[in-house]
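Both counts, for ligands and for their atoms, begin at 1 and track the order of listing.
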Amino acid sequence: MSYLNFIGGEWVPALSGATFENRNPADLTDLIGLFPDGGEADVAAAVETVSNAWPDWAAKGPEARADVLYKAADIISSRIDAIAAELTREEGKTLTEARNETSRIAANFRFYAGEALRLKGESFPMPEGQIALTLRSPVGVVAVITPWNFPLSMAARKIAPALAAGNGVIFKPSEMTPLMGQRLVEVLLDAGLPKGLLALIHGRGPTVGKAITSTPGIDALTFTGSYAVGMQIARALTTDTRCQLEMGGKNATIVLGDADLDRAADIIRRGAFGLTGQACTGTSRVLVARSHYDALVEKLTGAAEGITIGAGTRAGVTMGPLATEAQLDKVNAYLGIAKQEGGRITTGGLPEASAGLSNGFFVRPTVIADVPTDSRLLRDEIFAPVVAVRAIEDVDEAIEIADDTEYGLAVSVVSNDMASVLKIAQKTQHGVVKVNSPTTGVALNAPFGGFKHSSNQSAKEQGGANVMDFYSRIKSVYLGG
Ligand code: NAD
């Protein structure tokens, strides 16, 4: 099956005619499709058409915009089974995880349909006969660049607020998950989105992505992905492009001395091995009270061994493959580092040849104990179902080690000791703190974003806070004199 870009209201090939192929990470013999390998000329064409289209969309007013977003949510809800099956085939997560992501984006569209209606300005008291007002207007052309790990929800949480605020959108999905980009755009078109308002450009980061950062006419860029690419984008952009960067994480679960260990092991299993460990908020470090260290390592090892790996479409499978070959290479590299550093791999690594999984990018859920304090396993983002466990002496040391990484996305604490929990919540340099629940899983109506290398902190994503401020501009207007 061959797919196309969507530019200027038409489905078109890349202007160069080039294509790339995409395969199922659970079975590399399964070709998902051929996608246009876009470049600079495609981006330039998209900027022109979206620039022309957004003023009409903005002029329609909030109810008309909300209607389209509500309709998109309904269409997604009616297509959950079909889209989820393709998400599993393209990205690898299990069908249950894929269904959760798909239904979550319907909720995202509903939330931002409401936000379109709630957008407002303010009025300010002035001497009699005068008034000062703030007027909100769209930013204009918003570029959306997304990763492969949540190909629907990372895109929806950007495209929905951008459209709600009256902007036009240029969407570049990850080259690892182009089919999900295609499906999302189809939903919006079926919901009645004006045709030239949204452009979909497939292609690789160093070509299409880079062109987006250098083509004039893009007013805002919102990116989710790795820190390395985020920094390339930040350096490439001119100062008049508004920029939001949400990047990697090195998330920790802290297990304090009062914790119930079965509960702790279950929380860590879900946070570390759910979504094959490929969530930006996935748990990759466990910092546990020394008194509980041996027992927790044993329980965690048992929990990991209870996971069934395989193609996410197969009944009984609880963990799918890694999404890309690069991910598999990275895991192999870190398993080597663990051995060099003297870490003890209690379970995990690559599957045996006899498991029949050699056609895909499979790894077993992996627990590494006894890692030294200066281990790279405690600092680098691995982005895989690999968790390093370390003993801590007290809460202060837990905070120190949790924060001893360049990232600052999510920390969770397993404890009912309120004073210690509060101390961690108040002191840690992470943007999300979860108590007695996994580092993964956040609410769509609460602000989301990291500190340090996890975000450029220009605006939070998701509910509340200043999401709509990123996608709109405020003008101060003085009436009377
Ligand atoms: P990535 O940085 O490799 O790619 C992300 C996107 O950027 C892709 O669409 C890619 O094509 C594009 N890109 C690559 N080079 C580019 C360039 N030079 N200019 C412009 N765009 C370019 O990330 P990935 O491997 O797709 O995703 C995994 C990363 O995403 C992890 O680091 C993970 O933590 C992070 N992530 C963060 C969050 C969050 O909310 N903080 C959520 C999900 C994933």
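- Atom 27 (O) of ligand 1 has its closest protein heavy atom at P147 CB, 3.3 Å.
- Using a 4.0 Å threshold on non-hydrogen atoms, atom 30 (O) of ligand 1 counts as touching the protein.
- Of the listed options T146, T207, N251, T146 places a heavy atom closest to atom 6 (C) of ligand 1.
- Counting heavy atoms only, V229 comes closest to atom 16 (C) of ligand 1 of the residues V229, L237, T324.
- Each of the following atoms of ligand 1 lies closer than 4.0 Å to a heavy atom of T224: 5 (C), 36 (N), 37 (C), 38 (C), 39 (C), 40 (O), 42 (C), 43 (C), 44 (C).
- A donor-acceptor contact closer than 3.5 angstrom is absent between the side chains of H453 and Y407.
- Between D403 and T428, the side chains place a donor N or O and an acceptor N or O closer than 3.5 Å (distance only, hydrogens not considered).
- For atom 2 (O) of ligand 1, the closest heavy atom belonging to the protein is S226 OG, 2.6 Å.
- Contacts between F383 and ligand 1 below 4.0 angstrom, taking non-hydrogen atoms only, involve the side chain exclusively.
- In summary, the atoms of ligand 1 found under 4.0 Å from a heavy atom of K210, numbered by their order in the structure, are 19 (N), 20 (C).
- F109 and L188 make their closest contact through CE2-CD2, 3.8 Å (heavy atoms, listed as atom of the first residue, atom of the second, distance).
- Contacts with ligand 1 closer than 4.0 Å are made by side-chain heavy atoms of I233 only, the backbone lying farther away.
- The existence of a salt bridge linking E86 and R89 is excluded, since no basic side-chain nitrogen approaches an acidic carboxylate oxygen closer than 4.0 Å.
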Margin query: Set out, in order, the CA-CA distance, both residues' side-chain angles and the distance that settles side chain to side chain donor-acceptor pair (under 3.5 Å) for S77 and R110, then state yes or no.
Written below: CA-CA 11 Å; S77 297; R110 288 196 183 96; 3.2 Å; yes

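- Summary of contacts: the protein heavy atom closest to atom 18 (N) of ligand 1 is Q232 OE1, 3.0 Å.
- Around atom NZ of K210, no more than 12 heavy atoms belonging to other residues, nucleotides or ligands sit under 6.0 Å away.
- Using a 4.5 Å heavy-atom threshold, the side chains of W11 and Q182 count as touching.
- Any N or O atom pair closer than 3.5 Å counts here, and I145 shares no such pair with ligand 1.
- When heavy-atom distances to ligand 1 are checked against a 4.0 Å cut-off, M154 comes that close only through its side chain, counted from C-beta outward.
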Subject >> Pair F383-W148, ring-ring contact (aromatic ring centres under 6.0 Å, His included): steps then yes or no >> reply: CA-CA 12 Å; F383 214 54; W148 46 261; 5.6 Å; yes

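- For the pair R79 and D190, the salt-bridge criterion is met [side-chain N within less than 4.0 Å of a carboxylate O].
- Of the protein's non-hydrogen atoms, E175 OE1, 3.6 Å is the one closest to atom 10 (C) of ligand 1.
- Scanning the protein heavy atoms around atom 35 (C) of ligand 1, the nearest turns out to be G225 O, 3.2 Å.
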Verdict with supporting geometry, E246 and T224, side chain to side chain donor-acceptor pair (under 3.5 Å): CA-CA 5 Å; E246 290 303 327; T224 296; over 6 Å; no

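- Below 4.0 Å from some heavy atom of E246 lie the following atoms of ligand 1, by number and element: 39 (C), 40 (O), 41 (N).
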### Message
side chain to side chain donor-acceptor pair (under 3.5 Å), that's the test. Do N22 and E90 meet it? Break it down for me.
### Response
CA-CA 8 Å; N22 187 28; E90 183 169 60; 2.6 Å; yes

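- Ligand 1 has F223 within reach: a non-hydrogen atom of the residue lies less than 4.0 Å from it.
- Among protein heavy atoms, atom 14 (C) of ligand 1 sits closest to G205 CA, 3.3 Å.
- At the shortest separation from atom 21 (N) of ligand 1 among protein heavy atoms lies G209 CA, 3.5 Å.
- Residues S284 and V386 fail the side-chain proximity criterion, which asks for heavy atoms closer than 4.5 Å.
- Listed by atom number, the atoms of ligand 1 under 4.0 Å from F448 heavy atoms are 40 (O).
- On a distance-only criterion, E381 and ligand 1 share at least one N/O pair closer than 3.5 Å.
- At the shortest separation from atom 42 (C) of ligand 1 among protein heavy atoms lies C280 SG, 3.0 Å.
- Considering backbone and side-chain N/O of M247, one or more are found under 3.5 Å from N/O of ligand 1.
- Residue R204 has no nitrogen or oxygen atom sitting less than 3.5 Å from a nitrogen or oxygen atom of ligand 1, judged on distance alone.
- For T94 (side chain) and E97 (main-chain N/O), a donor-acceptor pair under 3.5 Å exists by modelled atom type.
- A salt bridge links E461 with K158; the closest basic N to acidic carboxylate O contact falls under 4.0 Å.
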TODO: Take R136 and S472 through the test side chain to side chain donor-acceptor pair (under 3.5 Å) and record every step on the way to the result.
DONE: CA-CA 6 Å; R136 219 176 251 275; S472 58; 2.7 Å; yes

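- Taking only nitrogen or oxygen atoms, main chain and side chain alike, W148 reaches within less than 3.5 Å of ligand 1.
- Distances from ligand 1 to the non-hydrogen atoms of G450 include no value under 4.0 Å.
- Within ligand 1, the atoms closer than 4.0 Å to a non-hydrogen atom of N149 are 43 (C), 44 (C), numbered from 1 in the order shown.
- Ligand 1 has no nitrogen or oxygen under 3.5 angstrom from a nitrogen or oxygen of T213.
- Between K339 and E341 there is no salt bridge, since no side-chain N of the basic residue sits under 4.0 Å from a carboxylate O of the acidic one.
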